[in-house]
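To start, the structure itself, in structure tokens.
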2 protein chains.
Amino acid sequence: MPESVELSIADLTHVLEDFTRMHIRLPSERRLSFTTLSVLHTLAGSGPKRLTELAGSEQVTQSAITQMVTKLERDGLVERHPDPSDGRAVLVHVTAAGAAIVDGRRAERMARLSELADRLTPAERASIAVALPALARMVELHERPTGEDDAAAPEAAGTGTDTPRESTRRRR
Amino acid sequence: MPESVELSIADLTHVLEDFTRMHIRLPSERRLSFTTLSVLHTLAGSGPKRLTELAGSEQVTQSAITQMVTKLERDGLVERHPDPSDGRAVLVHVTAAGAAIVDGRRAERMARLSELADRLTPAERASIAVALPALARMVELHERPTGEDDAAAPEAAGTGTDTPRESTRRRR
DNA sequence: CGAACTGTATCAGAAACTTAATTAAGTTAC
DNA sequence: GTAACTTAATTAAGTTTCTGATACAGTTCG
């Protein structure tokens with residue numbers, strides 16, 4: 001791999017902006033707002049969370065999360081469980097039905113990206129494949145701004161295809 | 001470059017989802033909704049557009065765009081100009097103040113990505129740099145579905161307000 | 001224990017979006 | 001040339017989603 005190549009942050013920002021806009025406007029079968037889908041995604045990805053945690057990660061008020069969770073619960077997409085370690089708190093779990101929605105949307109995204117990737121050259125696809133671990137590590141660094149730096153581990157096959165979740169494990 | 005490396009679409013989808021969520025919740029100085037910011041981004045990036053074009057690209061109704069543009073115009077972020085080629089249409093232009101907001105947010109994103117990139121190894125940064133042209137081409141392929149091979153679907157014309165309740169997009 | 005703090009719920013009101021109806025300009029057919 | 005149709009934008013009314021303020025229960029600390 002050529003280490004002499006310089007990474008243009010401006011180009012990276014542009015590309016990620018474009019992918020963001022391309023990703024977001026994917027229509028959803030059920031009438032769920034973007035924030036609602038994002039909450040389901042968070043719960044499916046990182047396990048049960050408190051309402052205050054969700055409010056923080058989605059950058060909406062705690063009041064909005066309470067109302068949204070109430071509606072999601074009525075629709076059977078999440079469940080409220082008491083937090084055994086804190087009588088005030090509620091842990092929101094995603095149900096199988098809720099996870100199915102997240103998975104369905106991911107499948108649609110994969111289908112769309114697959115079509116696009118098919119039209120790239122093998123060399124282009126390979127260049128993306130090589131870069132994926134580094135991109136994944138940027139996300140990880142963002143989620144854990146401090147804390148111990150793991151070794152770089154630039155092994156290409158590292159990010160598990162079938163083991164999607166392990167990044168955020170929280171003690172209680 | 002090794003052409004033998006296979007690109008995992010599942011991994012790519014996951015990484016892009018994470019970047020999307022990381023990008024979106026970036027706080028904005030002024031109180032502008034995501035859709036509003038997206039419209040400003042579109043106008044700043046691709047020049048003046050009709051209201052119907054904006055409604056199509058943002059996947060909201062024409063009515064919502066009209067109301068949003070009215071408010072943006074009141075705030076001096078966009079301007080309405082008559083379309084010389086069609087007396088019914090209006091062309092929405094972004095003003096300098098509107099472009100400044102887009103640029104400001106991009107600068108914030110670049111600063112954040114810069115911090116993260118600094119903590120990667122040179123080899124990791126290089127791998128991303130090598131992959132950027134391919135990623136940019138994926139976005140381009142998405143925006144212009146008519147490639148070299150087949151004429152595919154035009155997709156542009158009839159999108160109107162086609163009852164987004166059930167399934168918004170119809171393929172042919 | 002009591003005071004201060006934290007996590008959640010509730011309610012009124014604001015903001016953003018949708019549907020439906022309206023106005024106006026352009027296009028097509030007779 | 002005018003009637004009928006289509007397209008672009010606006011307006012009005014109603015719904016959903018979010019914020020701000022407040023209340024209340026559980027926790028922490030003096």
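Residue numbers begin at 1 in each chain, while the letters A, B, ... track the order of the sequences.
Atoms CD (Glu58(A)) and P (dT17(D)) sit 15 Å apart, rounded to a whole Å. Between Lys49(A) atom NZ and dG7(C) atom P the separation is 14 Å, expressed in whole Å. Between the CG atom of Leu54(A) and the C1' atom of dG7(C) there is a distance of 13 Å, given to the nearest Å. Rounding to whole angstrom units, CG of residue Asp83(A) and P of dG26(D) are separated by 14 Å. A straight line from CG of Asp75(B) to P of dA15(C) spans 12 Å, rounded to a whole angstrom. Taking atom CD1 on Ile65(B) and atom P on dC17(C), their separation rounds to 8 Å, with Å as the unit. Glu73(A) places its CD atom 13 Å from the C1' atom of dT8(C), with the value rounded to the nearest Å. Spacing between atom CG of Leu51(A) and atom C1' of dT6(C) amounts to 13 Å, rounded to whole angstrom units.
Using a 4.0 Å heavy-atom cutoff across all strands shown, Ala64(A) reaches at least one base atom of the nucleic acid.
Set against dT18(C), dT19(D), dA8(D), the side chain of Val60(A) has dT19(D) as its closest nucleotide. Listed nucleotides: dA8(D), dA9(C), dT17(D). Nearest to the side chain of Ser33(A): dT17(D). Out of dT19(D), dA9(D), dG26(C), the shortest distance to the side chain of Val90(B) is found at dA9(D). Of the candidates dT27(D), dA8(D), dT17(D), the closest approach to any side-chain atom of Asp86(A) belongs to dT27(D). Closest to the side chain of Gln62(B), from the set dT18(C), dG7(C), dT10(D), is dT10(D).
Taking the six-membered ring where tryptophan is involved, the planes of His81(B) and His93(B) are perpendicular, since the angle between them exceeds 60° and thus also 30°.
Salt bridge Asp86(A)/Arg50(A): present, at least one basic N to carboxylate O contact under 4.0 Å.
Inter-residue side-chain proximity for Lys49(B) and Leu91(B) is flagged as unmet; no heavy-atom pair is nearer than 4.5 Å. Looking only at side-chain heavy atoms (C-beta outward), Leu12(B) and Met110(A) stay at 4.5 Å or farther from each other.
Distances shorter than 4.0 Å separate none of the side-chain N or O atoms of Thr61(A) from OP1 or OP2 on dG20(D). The shortest distance between the side-chain N/O atoms of Arg80(B) and the OP1/OP2 oxygens of dA8(D) is not below 4.0 Å. Using a 4.0 Å cut-off, no side-chain N or O of Arg31(B) falls inside it from OP1 or OP2 of dA16(C). Remark: Thr66(A) is not in phosphate contact with dT10(C), judged by side-chain N or O atoms under 4.0 Å from OP1 or OP2.
Position along DNA chain D of the nearest nucleotide to Arg50(B) versus Thr35(A) favours Arg50(B) as the more 5'-ward residue.
Residues Val60(B) and Val78(B) share a single hydrophobic cluster, defined by chaining ILVMFWY side chains whose heavy atoms lie under 4.5 Å apart.
In this structure a side-chain-to-backbone donor-acceptor pair under 3.5 Å is missing from Thr13(B) to Arg109(A).
Judged by distance alone, with hydrogens and angles left aside, Arg88(A) brings a side-chain donor or acceptor within reach of the base of dT6(C), the pair sitting under 3.5 Å. Counting distance only, with no hydrogens placed and no angle test, the side-chain atoms of Gln67(A) and the base atoms of dT19(D) include a donor-acceptor pair under 3.5 Å. Contact annotation: side chain of Ser63(B) to base of dT11(D), donor-acceptor pair present below 3.5 Å.
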